[in-house]
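Below is one structure, written out as structure tokens; comments come after it.
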Amino acid sequence: MSDARLREEICRYGRSLFERGLTPGSSGNISLRLEDGGWLVTPTNASLGFLDPARISRLDAEGQLLSGDKPTKEIPLHTALYDTRGSARAIVHLHSTHAVALTMLPEIDPRAALPPMTPYYLMRAGETALVPYYRPGDPAVADAIRGLAGRYSSVLLANHGPVVAGDSLEAAVFATEELEETAKLYLLLRNLNPRFLSPAQVADLVNAFGLDLPSHHDHDHDGD
């Protein structure tokens, strides 16, 4: 896909997310990793609903600005996810209401922020990690994401919002939307003792669709 087409795709998906209220004001950012190792990324203080393709930031493989406006200050979290998750080609970060609300609940498991509620949550977003609060733009958030060692394609930043990687921009957007809808379901059903997918049902999805879920890896979590 040409550079111009990729820029248009970022604007199209950004506008869609904004118009449906998934990230307000100038919040949220989108990046695409290019074949030369560089990126296209949305500028700082830019609304995803009103992006200009010509002003999208073009970075080289070292993260230096080549053209366009100054990039989002959230570059460290994008870099960390790209560096640790080799299959990632696009990342979407939003301030979506229900996902942010989920991060503030006391019972949330940092290694599985949401239970297995629906098949499409697992198929699109996988399992979701929760990392502690950091000031927006704080390079320390990159260390927290690197500490996940690439096991998660979807990560929630406490009191801030989701960061989701995909093997295409469409996949990253769809996974982010699925994460938001699942967080909404969780909040609607909280304390109502809902039925989640059973371990056998989750295992069936893993086998049928080749899902890469952290809980189905033989990771040693001792000392986490």
Side-chain angles (χ1 to χ4, degrees), residues 13-30 47-49 74 77-78 81 90-136 138 141 144-145 147-148 151-166 170-206 209 211-216 221 224:
Y13 280 112
R15 184 166 57 252
S16 172
L17 292 165
F18 176 83
E19 288 178 347
R20 287 176 294 130
L22 288 168
T23 202
S26 63
S27 68
N29 33 80
I30 295 171
S47 169
L48 292 189
E74 306 284 16
L77 65 89
H78 288 252
L81 203 46
I91 292 172
V92 175
H93 166 50
L94 302 180
H95 295 181
S96 49
T97 302
H98 300 92
V100 175
L102 182 75
T103 73
M104 302 181 204
L105 297 178
E107 73 268 21
I108 299 306
D109 181 350
R111 291 179 296 198
L114 283 161
M117 298 186 70
T118 70
Y120 279 91
Y121 165 65
L122 295 176
M123 291 159 62
R124 288 186 171 149
E127 292 168 327
T128 304
L130 173 67
V131 301
Y133 172 78
Y134 294 93
R135 170 180 47 82
D138 185 345
V141 75
I145 290 176
L148 301 173
R151 296 194 300 270
Y152 295 87
S153 62
S154 61
V155 179
L156 286 170
L157 309 179
N159 303 77
H160 186 162
V163 186
V164 179
E170 179 182 76
V173 169
F174 288 176
T176 309
E177 292 176 343
E178 200 68 44
L179 175 58
E180 172 67 6
E181 287 303 306
T182 310
K184 184 177 182 179
L185 283 174
Y186 182 87
L187 294 167
L188 286 169
L189 295 168
R190 190 175 179 233
N191 298 325
L192 295 178
N193 195 29
R195 289 188 302 275
F196 301 136
L197 297 179
S198 69
Q201 289 168 332
V202 173
D204 176 62
L205 289 167
V206 169
F209 297 102
L211 304 185
D212 182 22
L213 301 182
S215 64
H216 283 249
H221 294 301
D224 281 6

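Predicted model only: the values in this text are computed from it and were never measured.
The backbone N or O of H95 lies less than 3.5 Å from a partner atom in the side chain of T23, making a donor-acceptor pair. Under a 3.5 Å cut-off, the side chain of E180 and the backbone N or O of A99 do form a donor-acceptor pair. Using a distance-only test at 3.5 Å, with no hydrogens or angles considered, no donor-acceptor pair links the side chain of Y152 to the main chain of I145.
Applying the side-chain contact (heavy atoms from CB on, under 4.5 Å) rule to S47 yields the partners F18, F50; only residues at least two apart in sequence or on another chain are considered. Checked against salt bridge (Lys or Arg N to Asp or Glu O under 4.0 Å), E19 has no partners two or more places apart in sequence or in another chain.
Counting heavy atoms from C-beta outward, L213 and V202 have side chains that approach closer than 4.5 Å. With a 4.5 Å cut-off on side-chain heavy atoms, N29 and H78 count as touching. Between R20 and L17 the shortest side-chain heavy-atom distance falls below 4.5 Å. Under the 4.5 Å side-chain criterion, counting only non-hydrogen atoms from C-beta, Y186 is in contact with R190.
Closest approach of T103 to N159, counting heavy atoms only: OG1-N, 2.8 Å. L130 and A113 get closest at one heavy-atom pair: CB-CB, 4.5 Å. Counting all heavy atoms, side chain and backbone alike, A203 lies closest to H216 at CA-CE1, 4.0 Å. For H93 against P162, the heavy-atom pair with the smallest separation is ND1-O, 2.8 Å. The two atoms that bring L211 and M123 nearest to each other are CD2-CA, 3.9 Å, heavy atoms only. Of all heavy-atom pairs between A175 and A125, the closest is O-CB, 4.0 Å.
Partner of T176 under the side-chain contact (heavy atoms from CB on, under 4.5 Å) criterion, chosen from L22, I30, I91, V92: V92.
Atom CD1 of I108 is separated from atom CG of L114 by 6.5 Å, given to the nearest 0.5 angstrom. Between E74 atom CD and H160 atom NE2 the span is 4.5 Å, to the nearest 0.5 Å. Interatomic distance, CG of L189 versus CZ of F196, reported as 7.0 Å (0.5 Å rounding). Taken from CG in L48 to OG in S27, the straight-line distance is 7.0 Å, to the nearest 0.5 Å. Put simply, CG on L179 and CG on L156 are 5.5 Å apart, with the number rounded to the nearest 0.5 Å. Between L122 atom CG and F209 atom CZ the span is 11.0 Å, to the nearest 0.5 Å.
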Is there a side-chain contact (heavy atoms from CB on, under 4.5 Å) between L148 and V131 once you walk through the steps? CA-CA 9 Å; L148 301 173; V131 301; 4.1 Å; yes
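The side chain to side chain donor-acceptor pair (under 3.5 Å) contacts involving residues 114-123 comprise Y121-T128, where partners must be two or more places apart or lie in separate chains.
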